[in-house]
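Accompanying notes for the structure given below.
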Amino acid sequence: MVKPKPVLLLAISLCCLSALPRHTATTDGNGKPLVTAITKDAATSLYTAPLKDSRPLVLDLSGPLIWSTCDASHPTLECHHHECARAHSYHPHNGYGVADEEDRFRCKCTAHPYNPFAGKAASGDLTRAMLSANATDGKNPLYPVSFTAVASCAPDSLLAKLPAGAVGVAGLARTKLALAAQVARTQKVANKFALCLPSGGQGVAIFGGGPLFLLPPGRPDVTERLAGETPLRRNPEFPGYYISAKGLAVNQEQVPLSSYGPLVVGLCSRIPYTVLRSDVYRPFVQAFDKATAERKRVTPPVAPFELCYDSRELGSTRLGYAVPQVDLMLEGGSNWTVFGGNSMVQVNDNTACFGFVRMKESEKRRYFGAPAVVIGGFQMENNLLVFDEEKAQLGFSGLLFGRQTTCSNFNFTLAA
Ligand SMILES: *[C@@H]1O[C@H](CO)[C@@H](O)[C@H](O)[C@H]1NC(C)=O
Ligand SMILES: *[C@@H]1O[C@H](CO)[C@@H](O)[C@H](O)[C@H]1NC(C)=O
Ligand SMILES: *[C@@H]1O[C@H](CO)[C@@H](O)[C@H](O)[C@H]1NC(C)=O
């Protein structure tokens, strides 16, 4: 092959630079946290954020990477690139492995993005993608910010079972290639994020952590007024979010469990309802059954739930249906308290069911390390969660209804 002359190379690169479309230029957030809206997809119960050219990516607390479909003319990172090594650190048997690949001309980095909803893995180039959100002062979006993130390309077929219109997944797990870590590096903000999942309307996430103000106006910063905090624990098998609990209580009475020692609790936005390992599920559901013995039941119950009630007779409080509270007694001494708003699922006009599900034997592997409890989307909704990687802590607000607000109360009007 004839070596091109340096002058020619320079000309080519100049021409390519000037041909770059204007909108791909990175705009700086000036060290401000970034805010994005979150929508719950009715068909899949997954949560998405419009991060890629205003098109949604699924937010996945257990996802180690960002992946999306790519244009044919995308750049590909070389296999020697340190980001390739980072992508490499996830084990292939979980579908997250990245292998180096030598092609005839150069070595390029191939990633193996995984779609947990379809249970499918694929291969794609490790590339740089342009993502966008708004800088924020915690009260409003201030101005749009675009930034490049290392992401994996994926074939269109990997979009199966994602919400309609979604173009990929934004992994939020505890890895260097997850979205929060990449926002922290590119925007020079703290490596933490605040997640407020909506039950309807638009929820909110703030990368960089906070502050976060929810309407009505004049309320204090929610991230400064947390109900509790607990250490984040590592699972050697998987870089997701785990915390440790001393036990469970129903109606402020501890549930007797056959297993001793702390309970491993995972957090997972891929599943609609909290699942519990059978040995924990059984006594837990029995305790709730006993505590609600007087309430009018609906039989047979509506699957996948076991305890369903005539919701017209449950009674309401500002925290949801008036049912016994559930306490997850966490390491560090605080309780994650679940009130009616997060425990009772309205399955039809007159029926509400206790929204906890038994972990199937066949599903255990999906959650890694067989945690006792995996908190699902419904139980996280309308609670502000602060995932603080720097302090290795999870902070939570408790059900925001108690403060007369919800996760759908961020003021998304651009500040004047
Ligand atoms: C920034 O905020 C405005 C106002 O809410 C919104 O219309 C726009 O889509 C946001 N931009 C991004 C990139 O999220
Ligand atoms: C946590 O919950 C348990 C069981 O309901 C209760 O006994 C304990 O007092 C609670 N602790 C705090 C700090 O609220
Ligand atoms: C939302 O923010 C805009 C811009 O700052 C402001 O004009 C408006 O009053 C706010 N809305 C509410 C309900 O506070």
Side-chain angles (χ1 to χ4, degrees), residues 23-29 32-39 48-57 59 68 129-149 165 167 170 179 183 186-187 198 201-208 211-220 226-230 243-257 262-263 265 283-284 287-288 290-291 323-339 343 373 395-399 402 404-406 408-416:
H23 73 268
T24 63
T26 301
T27 49
D28 196 358
K32 288 214 167 22
L34 300 186
V35 66
T36 186
I38 299 178
T39 305
T48 67
L51 293 161
K52 197 171 181 231
D53 306 323
S54 303
R55 286 176 300 172
L57 297 180
L59 297 177
S68 177
M130 188 64 69
L131 300 183
S132 48
N134 278 292
T136 185
D137 56 2
K139 293 187 166 131
N140 294 93
L142 298 176
Y143 47 85
V145 173
S146 299
F147 58 98
T148 46
V167 293
L179 177 61
V183 172
T186 58
Q187 306 300 306
Q202 285 196 318
V204 56
I206 295 191
F207 295 93
L212 172 62
F213 299 90
L214 295 169
L215 295 171
R219 295 301 177 84
L226 297 171
E229 274 182 334
T230 193
I243 54 179
S244 181
K246 289 173 289 190
L248 285 164
V250 170
N251 223 4
Q252 296 186 294
E253 218 174 287
Q254 194 156 353
V255 176
L257 299 178
L263 304 172
V265 179
F284 175 59
F288 197 84
K290 204 174 111 200
V323 293
Q325 75 181 54
V326 169
D327 285 309
L328 195 52
M329 296 145 73
L330 297 173
E331 176 182 9
S334 48
N335 288 338
W336 177 315
T337 303
V338 183
F339 297 102
S343 65
V373 181
F396 48 92
S397 67
L399 184 57
Q404 272 113 27
T405 191
T406 74
S408 308
N409 276 357
F410 187 76
N411 185 346
F412 276 106
T413 306
L414 220 47

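Order of appearance sets the numbers: ligands from 1, and atoms from 1 within every ligand.
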side-chain contact (heavy atoms from CB on, under 4.5 Å) between Thr337 and Val326, intermediate numbers included: CA-CA 6 Å; Thr337 303; Val326 169; over 6 Å; no
I want to check something: taking the side chain as every heavy atom from C-beta on, are [X] and [Y] in contact at a cut-off of under 4.5 Å?
X      : Y      : answer
Ser343 : Val323 : yes
Val183 : Leu131 : no
Leu330 : Leu328 : yes

Ala133, portion touching ligand 1 at heavy-atom distance under 4.0 Å: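 Near ligand 1, Ala133 shows its backbone, while the atoms from C-beta on stay back.
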Nearest atoms (heavy-atom pairs only) where [X] meets [Y]:
X      : Y      : answer
Gly208 : Pro33  : CA-CB, 4.3 Å
Ser408 : Pro198 : OG-CB, 3.8 Å
Gln254 : Gly247 : NE2-CA, 4.0 Å

Contact atoms of ligand 3, heavy-atom distance to Asn411 under 4.0 Å: 1 (C), 2 (O), 3 (C), 8 (C), 10 (C), 11 (N), 12 (C), 14 (O)
Need the ligand 3 atom indices (1-based, order shown) with element for anything under 4.0 Å from a heavy-atom of Pro217. 14 (O)
With only distance considered, is Thr413 within less than 3.5 Å of ligand 3 through an N or O on each side?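 By distance alone, the answer is no.
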Is at least one protein non-hydrogen atom found at under 4.0 angstrom from [atom]?
atom                    : answer
atom 2 (O) of ligand 3  : yes
atom 11 (N) of ligand 1 : yes
atom 7 (O) of ligand 2  : no

Note the single closest protein heavy atom to [atom], along with its residue, its atom name and the distance in Å.
atom                    : result
atom 9 (O) of ligand 2  : Asn335 ND2, 4.8 Å
atom 4 (C) of ligand 1  : Phe412 O, 3.2 Å
atom 5 (O) of ligand 2  : Asp327 OD2, 2.7 Å
atom 14 (O) of ligand 1 : Asn134 ND2, 3.6 Å

Say whether Gly333 and ligand 2 are in contact under the criterion: heavy-atom distance to a ligand atom below 4.0 Å.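 Contact check Gly333 vs ligand 2: positive.
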Would you say ligand 2 has an N or O under 3.5 Å from any N or O of Glu253?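 For ligand 2, there is no N or O atom that lies under 3.5 Å from one belonging to Glu253.
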N-O pairing of Lys139 and Asp137 below 4.0 Å: no
Counting from 1 in the order shown, the ligand 2 atoms closer than 4.0 Å to a non-hydrogen atom of Ala249 are 4 (C), 5 (O)
Establish, from distance only, whether the side-chain atoms of Thr413 and Asn411 form a donor-acceptor pair under 3.5 Å.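 Indeed, the side chains of Thr413 and Asn411 share at least one donor-acceptor pair under 3.5 Å.
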